[in-house]
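Keep in mind it's a predicted model, so treat the numbers as computed, not measured. Per chain, numbering begins at 1; letters A, B, ... match sequence-line order.
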Number of protein chains: 2
Amino acid sequence: MALQSERSLDQTDWKILRELQKDARLSYNELGRRVGLSAPATAERVRKLEDAGIITSYGAQVEVTKLGLPLLVFIQLRCFPDHCLFKTSSAEKFPEILEMYKLSGNYCALLKVALSSMEHLEAFTERLSFYGEQTTNVVTSNLFSQQVIDWEKPEVNLRPSTQQGWDKRKR
Amino acid sequence: MALQSERSLDQTDWKILRELQKDARLSYNELGRRVGLSAPATAERVRKLEDAGIITSYGAQVEVTKLGLPLLVFIQLRCFPDHCLFKTSSAEKFPEILEMYKLSGNYCALLKVALSSMEHLEAFTERLSFYGEQTTNVVTSNLFSQQVIDWEKPEVNLRPSTQQGWDKRKR
DNA sequence: ACTGAAATGGTCATCAT
DNA sequence: ATGATGACCATTTCAGT
């Protein structure tokens, strides 16, 4: 029933998305109060957003620094043709890798990696050297992360092909 | 309540962290069932993890592609000394920027940016050119993201030189 | 989408280890 | 210091409107 397939989101949907991105553990009661809906109606909206694949999951954000991983690095990887990290699907063997992207350009992959120490970094890059050439950059400060997606003109953004740019954001 | 319990995380804490990273909306009842604790005890553990700053927030994960932002790019920025993006604190004016890191190496910053179209990318890089020289790479596929922090051998990975216990503070 | 009732979950005081 | 239990209150869910 959520499949009014290409219905675009209304203001209430966007409010729900904003609130749930900021606090996924809100009760439907409180969430409904904030968006101006009753709890059952709110729950139904959220269920539709989940079914539509717009909300994919709810996750606790953890501070890796406090879990003994004070070092965050980005590694650009140019894979060797015969040992590509993707094709061997060995990424699972590296729990240090938080995110992995395939990129256009000179390097075939970008890795975001959390590490416990310089020794750990050394051991990790050594292990990774089997797969390709690396360029490593250490994060010296994290200016911000996981900004909430919350646009002012969703109806524009939902139809990228037919629009002029969109430069404004809510509030 | 213990102010000085400088203890590190036990297996139950790790189970809680794993479950909450996978589903932040679990009830304490269900979470407690999974980790083998009563609901109040589970709630107390979670509260301590929050107070210790280990769990920083709970967020709904949204699929930016379905919100009209099919283009994900990384931009390396070498700021002009006089117009550094950090010092002018103009990053707020760019809702397209999802994450921003200060990096060691040739480039002073790495931006992760979500965009609605090629035209949008063009307009964005044009606006950003005021701040510094850019190198842009488009993400062609996202191999994985936000891997759950859940080490097989926490006793190894959890001991950097400075293990941080929990500092508790009252709510 | 709202209301109201039944089921479930959260919180607190208390007790036990 | 931490966990369990039970009472009480809040929230979720489902019916009917």
Peer 1: Working to the nearest 0.5 Å, report the span between CG of B/L72 and OH of A/Y101.
Peer 2: 6.0 Å
Peer 1: Grab the N/O contacts between the protein and nucleotides 9-11 of chain D below 3.5 Å, and write none if there aren't any.
Peer 2:
unit_1	atom_1	unit_2	atom_2	d
D/dT11	OP2	A/N29	ND2	3.3
D/dT11	O5'	A/N29	ND2	3.3

Peer 1: Among D/dT2, D/dT13, C/dT11, which is the nearest nucleotide to the side chain of B/A43?
Peer 2: C/dT11
Peer 1: Are A/M118 and A/L115 joined in one hydrophobic group, where the rule is that I, L, V, M, F, W and Y side chains link up if heavy atoms are under 4.5 Å apart?
Peer 2: yes
Peer 1: Is the terminal nitrogen or CZ of B/R34 (NZ for Lys, CZ for Arg) located under 6.0 angstrom from the six-membered ring centre of B/Y28 and within 45° of that ring's axis?
Peer 2: no
Peer 1: Strictly by modelled atom types, are B/Y107 and B/T135 linked by a side-chain donor-acceptor pair under 3.5 Å?
Peer 2: yes
Peer 1: Write down the distance between CG (B/D13) and C1' (D/dG3), rounded to a whole number of angstrom.
Peer 2: 14 Å
Peer 1: Can you name the residues that form a side chain to side chain donor-acceptor pair (under 3.5 Å) with B/Q61, not counting sequence neighbours?
Peer 2: B/Q146
Peer 1: In whole Å, I'd like the distance from the CZ atom of B/R45 to the P atom of D/dT2.
Peer 2: 8 Å
Peer 1: B/R47 CZ to D/dG3 P: how many Å, rounded?
Peer 2: 12 Å
Peer 1: Using a cutoff of under 3.5 Å, can you pull out all pairs of nitrogen or oxygen atoms linking the protein to nucleotides 13-17 of chain C, with atom names and distances?
Peer 2:
none

Peer 1: Has B/S129 got a side-chain atom pairing as donor or acceptor with B/E126's backbone, closer than 3.5 angstrom?
Peer 2: yes
Peer 1: Considering only C/dC2, D/dT2, D/dT5, which nucleotide approaches the side chain of B/S38 most closely?
Peer 2: D/dT5
Peer 1: The criterion is side-chain contact (heavy atoms from CB on, under 4.5 Å); which residues satisfy it with B/A41, sequence neighbours excluded?
Peer 2: B/L37, B/S38
Peer 1: Grab the CZ-P distance between A/R25 and C/dG9 for me, whole Å please.
Peer 2: 13 Å
Peer 1: Could you work out, with salt bridge (charged side-chain N to carboxylate O under 4.0 Å, His left out) as the rule, every residue matching A/E99, not counting sequence neighbours?
Peer 2: A/K112, B/K112
Peer 1: Go through the structure and list residues passing ring-ring contact (aromatic ring centres under 6.0 Å, His included) with B/Y58, not counting sequence neighbours.
Peer 2: none
Peer 1: For B/D10 and D/dG3, give me the distance from atom CG to atom C1', rounded to whole Å.
Peer 2: 13 Å
Peer 1: Rounded to whole angstroms, how far apart are CZ on B/R33 and P on C/dG10?
Peer 2: 14 Å
